[in-house]
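Throughout, numbering of the chain's residues begins at 1 and tracks the sequence. Quick caveat: nothing in here was measured; it's all calculated off a predicted structure.
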Amino acid sequence: MDALDGAGVIGTLEQLREVVGVPTPRAVAKERQRLEQVHQDWLAASPFCLIATADADGACDVSPKGDPPGFALVLDDATLAIPERPGNRRVDGYRNVLANPRVGLLFVVPGRTDTLRVNGRAVLVSDAPFFDRMVVKGHRPVLALVVHVEQVFFHCGKAFLRSRLWEPCTWEPEVLPSRAQIVHVYERADQSLEEVERYYGEAYREGLYREVR
């Protein structure tokens with residue numbers, strides 16, 4: 001049985017507008033093409049963002065990036081740079097950027113329900129003088145994603161309010177298997193659970209900025 005049997009599938013912009021309506025003039029007017037001071041202040045306070053990309057065929061990826069607040073470095077009012085740190089080397093999003101430079105960014109500040117959205121075109125940079133400003137714990141970035149801003153605006157907090165994301169009373173991480181348990185099944189079945197748990201122990205946190213071989 002098709003999961004969409006009997007569903008009212010929306011296939012045109014007209015149908016979409018019939019369901020959700022049209023944006024208010026204020027919602028349209030808040031958009032900017034440059035990073036104004038309030039946007040730069042937000043970036044200076046944000047330790048986390050999500051980067052959306054798509055390849056030449058439209059296959060999508062969303063990757064999380066995080067570092068100390070201000071990790072997204074403002075180079076000028078139309079350009080920002082996001083450092084890449086050592087990871088699993090899949091580089092799904094970066095492979096997309098090589099084929100299709102368009103990116104969408106969502107910057108989060110803990111405790112705030114609103115977010116900052118930035119859309120533009122990106123290039124990958126292997127080194128640059130500004131890398132010296134992105135050193136953390138003595139480590140320079142592996143590379144940087146440089147984004148040329150085309151659209152920036154604040155997104156309202158309804159999603160965070162509805163999800164109650166910042167309310168600790170709603171947090172239940174224990175209902176899911178631990179990170180070590182998941183990895184043991186899907187990535188490291190050749191190791192014992194105890195070995196995987198040791199890998200994700202204190203040494204894992206201490207080695208966040210070191211290249212893993």
Enumerate the side chain to side chain donor-acceptor pair (under 3.5 Å) contacts for residues 41-51, please, sequence neighbours excluded, ordered by first and then second residue.
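The answer is Q37-D41.
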Pairs meeting criterion ring pair (Phe, Tyr, Trp, His ring centres under 6.0 Å) with involvement of [range], two or more places apart:
{"range": "residues 126-147", "answer": "none"}
{"range": "residues 17-39", "answer": "H39-F154"}
{"range": "residues 43-85", "answer": "none"}
{"range": "residues 155-183", "answer": "F160-W166"}

Which ILVMFWY residues are connected to [X], directly or by a chain of links, through side-chain heavy atoms under 4.5 Å apart?
{"X": "L161", "value": "none"}
{"X": "V135", "value": "none"}
{"X": "V22", "value": "none"}
{"X": "F153", "value": "none"}

If the condition is side-chain hydrogen bond (donor to acceptor under 3.5 Å, both in side chains), which residues does N119 pass it with, not counting sequence neighbours?
Q151
Indicate yes or no for a side-chain donor-acceptor contact from D57 to the backbone of A59 under 3.5 Å, with no hydrogens or angles considered.
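Absent.
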Please collect all salt bridge (Lys or Arg N to Asp or Glu O under 4.0 Å) contacts where either partner lies in residues 183-195, sequence neighbours excluded, each pair once.
R179-E187
Residues pairing under salt bridge (Lys or Arg N to Asp or Glu O under 4.0 Å) where one sits in residues 104-114, two or more places apart or in two chains, turn out to be R112-D114
Can you measure from CD (E84) to OH (Y94) and round to the nearest 0.5 angstrom?
3.5 Å
